[in-house]
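So the structure is just underneath, and the comments pick up after that.
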Amino acid sequence: MLKTMNAPDYLNPGIEAGLPWHSMPVVEASAETLEGYGRLVETPDDCEVEIVRWPAQGWRPVDEGTGDEGGTIEGIFHSEWRGDLLYGRNDAVGGHYVLGYGDDPAKAREDHDEAPKRVLLWHANYHPDGGQLFFPLDQRPFVVPLALPGDDVTPGDFVCFRFDGSKGLYIHPNIWHEGVFTCAGRQRFFDKQGKVHARVSVDFAREFGLLLEAPFA
């Protein structure tokens, strides 16, 4: 398996044409199905974000009360379809991304407003320094692909969770994800996460030669 060493270009991923699609199982988000990944959130004010203490580099431990003082940062996460491209913008950390595609990236166009039938995911990441909250401000359906911790993650480890828009999602540290995917148009989410914002990536297109599919219907 090819190991990617450099951070990807999130706005110009340069995906090869004609890659096969691996369809993820889609399940309705609930307290039971999200166990191990995170939990549903009724109101953002009631959600505490976990912060992971900086790991010791050798045999000397990190001093008590230090290494986890960076706190959290808040902002709006925007998820927006422009034709066949799904864009994400995270105001909390100044991120701007191509989250996915509605069709083969080589055929993707932005000059139409047809509703997407799926999202094709090329990349995912996790945050070793803290958890993350996404709470829908527009109360419309959305989906979030997730996988349990482990750097040897494979496409078959991912599950796509479907939300009706009435509740938010909190994910634990080290959980693989890639933002939140609106099912049509544009959608805003309140985002709260660790301020350090360390990111570990998997590039499905280059490492596995495929894209992950989350069907909307």
Side-chain heavy-atom pair F208, H22 within 4.5 angstrom cut-off: no
Whether W81 and F216 hold their rings parallel, tilted or perpendicular, with breakpoints at 30° and 60°: perpendicular
Heavy-atom check, side chain of L169 versus side chain of L34, under 4.5 Å: yes
Nearest-0.5 Å distance that lies between atom CG in D191 and atom CZ in R89: 12.5 Å
Any side-chain heavy-atom pair of L86 and P116 under 4.5 Å: no
Within 6.0 angstrom of D113 CG, more than 12 heavy atoms from elsewhere: no
Flag, side chain of D138 to backbone of R188, donor-acceptor distance under 3.5 Å: yes
Residue of the set D157, N174, V153, I175 for which side chain to side chain contact (heavy atoms under 4.5 Å, CB included) holds with L148: I175
Between F161 and Y37, ring centroids under 6.0 Å: yes
Heavy-atom pair of closest approach, residues G36 and H172: O-CD2, 3.7 Å
Flag side-chain contact, heavy atom, 4.5 Å: V144 against F181: no
Donor-acceptor pair, side chain of H127 and main chain of R199, under 3.5 angstrom: no
Polar side-chain atom of H177 near backbone of P145 as donor-acceptor pair, under 3.5 Å: no
Rounded distance (nearest 0.5 Å) linking atom OG1 of T33 with atom CG of L40: 7.0 Å
Under 3.5 Å: donor-acceptor pair, side chain of Q187, backbone of R140: yes
Under 3.5 Å side-chain donor-acceptor pair for T43 and D45: no
Donor-acceptor contact present, side-chain D129 to main-chain A198, <3.5 Å: yes
Ring pair (Phe, Tyr, Trp, His ring centres under 6.0 Å) between F142 and F189, worked out: CA-CA 10 Å; F142 62 96; F189 300 81; 5.0 Å; yes
Within-4.5 Å side-chain heavy-atom neighbours: P105 and V98: no
All side-chain hydrogen bond (donor to acceptor under 3.5 Å, both in side chains) counterparts of D103, not counting sequence neighbours: none
List the atom pairs, donor and acceptor, that lie under 3.5 Å between side-chain atoms in residues 51-65 and the rest of the protein, sequence neighbours left out.
residue	atom	partner	partner atom	Å
R53	NE	T66	O	3.3
Q57	NE2	P55	O	3.0

Of H78, H96, Q193, the residue whose pairing with N90 passes side-chain hydrogen bond (donor to acceptor under 3.5 Å, both in side chains): Q193
Side-chain heavy-atom pair Y126, I171 within 4.5 angstrom cut-off: no
Within-4.5 Å side-chain heavy-atom neighbours: C47 and R39: yes
Partner of L211 by side chain to side chain contact (heavy atoms under 4.5 Å, CB included), out of D104, L120, L121: L120
Distance-minimising heavy-atom pair for K167 and F135: C-CE1, 4.3 Å
F158-F204 aromatic ring centre distance below 6.0 Å: yes
Mutual orientation of the aromatic rings belonging to Y10 and W122 [parallel < 30°, tilted 30-60°, perpendicular > 60°]: tilted
Any donor-acceptor N/O pair, T182 side chain to S79 backbone, under 3.5 Å: no
A214 versus M24, closest heavy-atom pair with distance: CB-CE, 3.7 Å
Shortest non-hydrogen contact between G75 and A92, atoms and distance: N-CB, 3.7 Å
